[in-house]
Amino acid sequence: MVIRSLGYEIPLYQELAILYGRQRECDKALMLYCHVLADRAKAEEFCDKYYEIDNQVYYKLLRMYQCPMSLEALRLDKFKLEEPKPDMGAAIDILVRHYKHIDVKE
């Protein structure tokens, strides 16, 4: 989602994450929260909100920190964003704090 005004493109990442959540596309929403917005608190709030609907959402959050999807998957590759890299520290933190919600058999 982009606003085009006066020749500039203004990406609305937060709004796009909300829309992905409403469409139950949790992976894409988490990708935005974790790697584009770099907002771990919002990513965890998202998981809290959607856990009843998708009991694998914390597992998806863990995996998003371990092996993030490409910007191309979200069609954000045309923006000047750094390609996301794994963040094992964040993944371990999520595993420690939310282990009750994560089925590691996956």
Side-chain angles (χ1 to χ4, degrees):
M1 177 185 286
V2 174
I3 292 181
R4 290 183 175 87
S5 174
L6 302 173
Y8 294 98
E9 292 185 351
I10 304 166
L12 302 171
Y13 303 126
Q14 176 74 37
E15 293 79 2
L16 187 56
I18 291 168
L19 291 175
Y20 280 136
R22 288 183 180 162
Q23 294 175 345
R24 307 296 188 258
E25 295 186 60
C26 295
D27 291 337
K28 292 178 180 180
L30 289 170
M31 170 64 181
L32 287 167
Y33 285 126
C34 295
H35 296 288
V36 176
L37 295 168
D39 192 338
R40 191 182 304 182
K42 284 283 189 191
E44 290 184 51
E45 284 177 28
F46 178 87
C47 290
D48 291 341
K49 181 177 180 179
Y50 285 95
Y51 183 72
E52 294 295 320
I53 297 166
D54 180 359
N55 66 357
Q56 291 295 309
V57 73
Y58 282 101
Y59 175 74
K60 291 175 183 179
L61 176 61
L62 173 68
R63 295 293 299 152
M64 194 56 61
Y65 281 120
Q66 291 175 323
C67 46
M69 63 175 54
S70 71
L71 293 172
E72 187 177 5
L74 295 176
R75 293 194 262 164
L76 296 176
D77 51 324
K78 69 179 181 175
F79 297 103
K80 296 183 190 302
L81 298 170
E82 188 175 321
E83 195 64 37
K85 295 176 178 62
D87 185 347
M88 292 305 168
I92 290 169
D93 185 51
I94 294 300
L95 187 58
V96 167
R97 293 188 309 115
H98 300 288
Y99 68 92
K100 291 180 182 178
H101 301 298
I102 298 172
D103 182 6
V104 291
K105 294 177 204 168
E106 291 288 322

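What you see is a predicted model, and the numbers here were worked out from it, not measured in a lab.
- Partners of D93 under the side chain to side chain contact (heavy atoms under 4.5 Å, CB included) rule, at least two apart in sequence or in another chain, are R40, R97.
- With hydrogens and angles ignored, the 3.5 Å screen pairs a side-chain donor or acceptor of H35 with a backbone N or O of M64.
- Residues satisfying the side chain to side chain contact (heavy atoms under 4.5 Å, CB included) criterion with R22, sequence neighbours excluded, are I18, Y50.
- A distance of 11.5 Å separates CG in L37 from CG in L30, rounded to the nearest 0.5 Å.
- Side-chain contact check for L32 versus L76: some heavy-atom pair is nearer than 4.5 Å.
- In this structure, D27 CG and L74 CG are separated by 9.5 Å, a value rounded to the nearest 0.5 Å.
- The shortest non-hydrogen separation linking A43 to C34 is CB-SG, 4.0 Å.
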Open item on the list: Run D103 and N55 through side-chain contact (heavy atoms from CB on, under 4.5 Å) and show every step you take.
Closed with: CA-CA 9 Å; D103 182 6; N55 66 357; over 6 Å; no
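- Scored by the side chain to side chain contact (heavy atoms under 4.5 Å, CB included) test, A73 finds M69, S70 as partners (sequence neighbours excluded).
- Among residues two or more places apart in sequence or in another chain, the ring pair (Phe, Tyr, Trp, His ring centres under 6.0 Å) test is passed with Y51 by Y58, H101.
- Note: L81 CG to Y13 OH = 4.0 Å, rounded to the nearest 0.5 Å.
- Looking at Q14 and K42, their side chains come closer than 4.5 Å, going by heavy atoms from C-beta outward.
- Applying the salt bridge (charged side-chain N to carboxylate O under 4.0 Å, His left out) rule to pairs touching residues 59-74 yields D54-K60, sequence neighbours excluded.
- Taking CG of L95 as the start and CE of M88 as the end, the distance is 11.5 Å to the nearest 0.5 Å.
- Residue L71 comes nearest to M31 through the heavy atom pair CD2-CE, 4.0 Å, listed as atom of the first residue, atom of the second, then distance.
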TODO: Using the side-chain contact (heavy atoms from CB on, under 4.5 Å) rule, take I94 and E44 through it: C-alpha gap first, then chi angles, then the decisive distance, then the call.
DONE: CA-CA 9 Å; I94 294 300; E44 290 184 51; 3.6 Å; yes
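- Hydrophobic clustering (ILVMFWY, side-chain heavy atoms < 4.5 Å, transitive): Y99 and V57 are in distinct clusters.
- Among all heavy-atom pairs drawn from F46 and G21, the shortest one is CE1-CA, 3.6 Å.
- Around the CD atom of E52, the shell of radius 6.0 Å holds no more than 12 heavy atoms that belong to other residues, nucleotides or ligands.
- Here the SG atom belonging to C26 is positioned 8.0 Å from the CD1 atom belonging to I53, to the nearest 0.5 angstrom.
- With sequence neighbours excluded, the residues that form a salt bridge (charged side-chain N to carboxylate O under 4.0 Å, His left out) with E82 are K85.
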